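Here the structure is a predicted model, which is why all the values come from computation and not from measurement. These numbers come from the heavy atoms of this one structure, side chains and all, not from hydrogens, waters or symmetry mates. Whatever order the structure lists them in is the order used to number ligands and atoms, beginning at 1.
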Amino acid sequence: MKKSLKAISLALTVIMLSILVAACNSNSGSGKISVGIVLPTKDEERWVQDEQRFKDAIKDTKYKTEILFSQGSPAKEKENVETLINKGIKVLIICPPDGDAAAAAVEAAKKEGIKVISYDRLITNTDAVDYYVTFDSVAVGAAQAQYLVDHAKGSGQPLYLYAGAASDNNAFLFFEGAWNVLQPKIADGTFKIANSSEAEALKDTAKLSRDQMSKIIGQVTTNWDANEAKNKAQTHLTAAGADLKGDVVILAPNDGTSRSIADVFATDSAVTSYVISGQDADKASVQYIIDGKQSMTVFKDVRTLVKDAMGMAVAILDGKTPETTGSYPNGAIDVKAKQTDVIVVEQSNVKQKLIDSGYYQASEFTGL
Ligand code: GAL
């Protein structure tokens, strides 16, 4: 009798212990991570913004998440993904520094049965991407260009072109959108290209192929680097004659590069005025817009992108099929995508779009 009682209590203890161990191993337990988030770099304000918005969103989820940064290096990115695989992730949300080079990292995740969500930038030339959450990047470029067109003065105005990094698929989408709007205005003589012989050679081509865009981007890339943008702008202005100065318009691909290009143009006494585009609504650029040093930015509400990415991750973890609105070709497959609209911000609506909407605090700026 005594012996069997002992056996029962031992069996009960074993059962209770195994329940405890199972609980610790479950997704909501303290040990394992369910969602891994890998962002490209901390060196650009845009991605620090995304990190903050992820942190805000994560507070409300029942699943454990971890955010890692790749600091512009595909090798570091691969290492980050491996770390997260070892921590047991089921979903990977990843924004690559280099779209092609990230294939190895996501293929490693895929092998473990992990679902991969390409975040903001599409991972290219691999079938190991399940979903893509993105802004409408072609619309970003179109909005930048439309702003330059809307603020054109007379005809034959010098147009300076700059682009993002060729390793980022978005740089092509932005440029495609911009070219669609600019090309007819180059053809009708409103603008003349000031700084790209490749663009000049293609000025009668309405729709550019990827290879044609590569040629232009190769010449006017900033690599998303403010210093590289500054050096290029300096070189361009040194080479430009008086006919390429005066009132100019500048296609700058994002805010970080826009501020440094604007600073260079502002110090050239032969440049009487400039209109320059931007993207991301970086805090520093919001201040530039208030101060009249940058003309516009394309505001991408990162809260929406984060909500969509986390929403997809949770749907997957809950065994549901995430909602998508279309698809993007990545060179290997068509990736199911959820897309978000963008908003043009200039001096006249900066307060309404960025402060009144609760995105930033008024106290973060001066002269509002
Ligand atoms: C793009 C991104 C932009 C911008 C840029 C520079 O891929 O969509 O918002 O931040 O990279 O990092």
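- Taking the six-membered ring where tryptophan is involved, the planes of His236 and Tyr162 are tilted, since the angle between them lies from 30° to 60°.
- Electrostatic pairing of Lys230 and Asp263 does not count as a salt bridge here, judged by no charged N lying under 4.0 Å from a carboxylate O.
- With salt bridges taken as basic N to acidic carboxylate O contacts below 4.0 Å, one links Asp50 and Arg46.
- Between Phe174 and Trp224, the ring planes are perpendicular. Angles over 60° get that label, and only those under 30° would be called parallel.
- Counting only residues at least two apart or in different chains, side-chain hydrogen bond (donor to acceptor under 3.5 Å, both in side chains) contacts with residues 92-107 comprise Asp100-Thr124, Asp100-Asn125, Glu107-Thr126.
- Between Glu66 and Lys87 there is a salt bridge, since a side-chain N of the basic residue sits under 4.0 Å from a carboxylate O of the acidic one.
- At a heavy-atom cutoff of 4.0 Å, ligand 1 is surrounded by Glu44, Arg46, Trp47, Asp120, Arg121, Asp168, Asn170, Phe174, Trp224, Asn254, Gln279, Asp280, Lys300.
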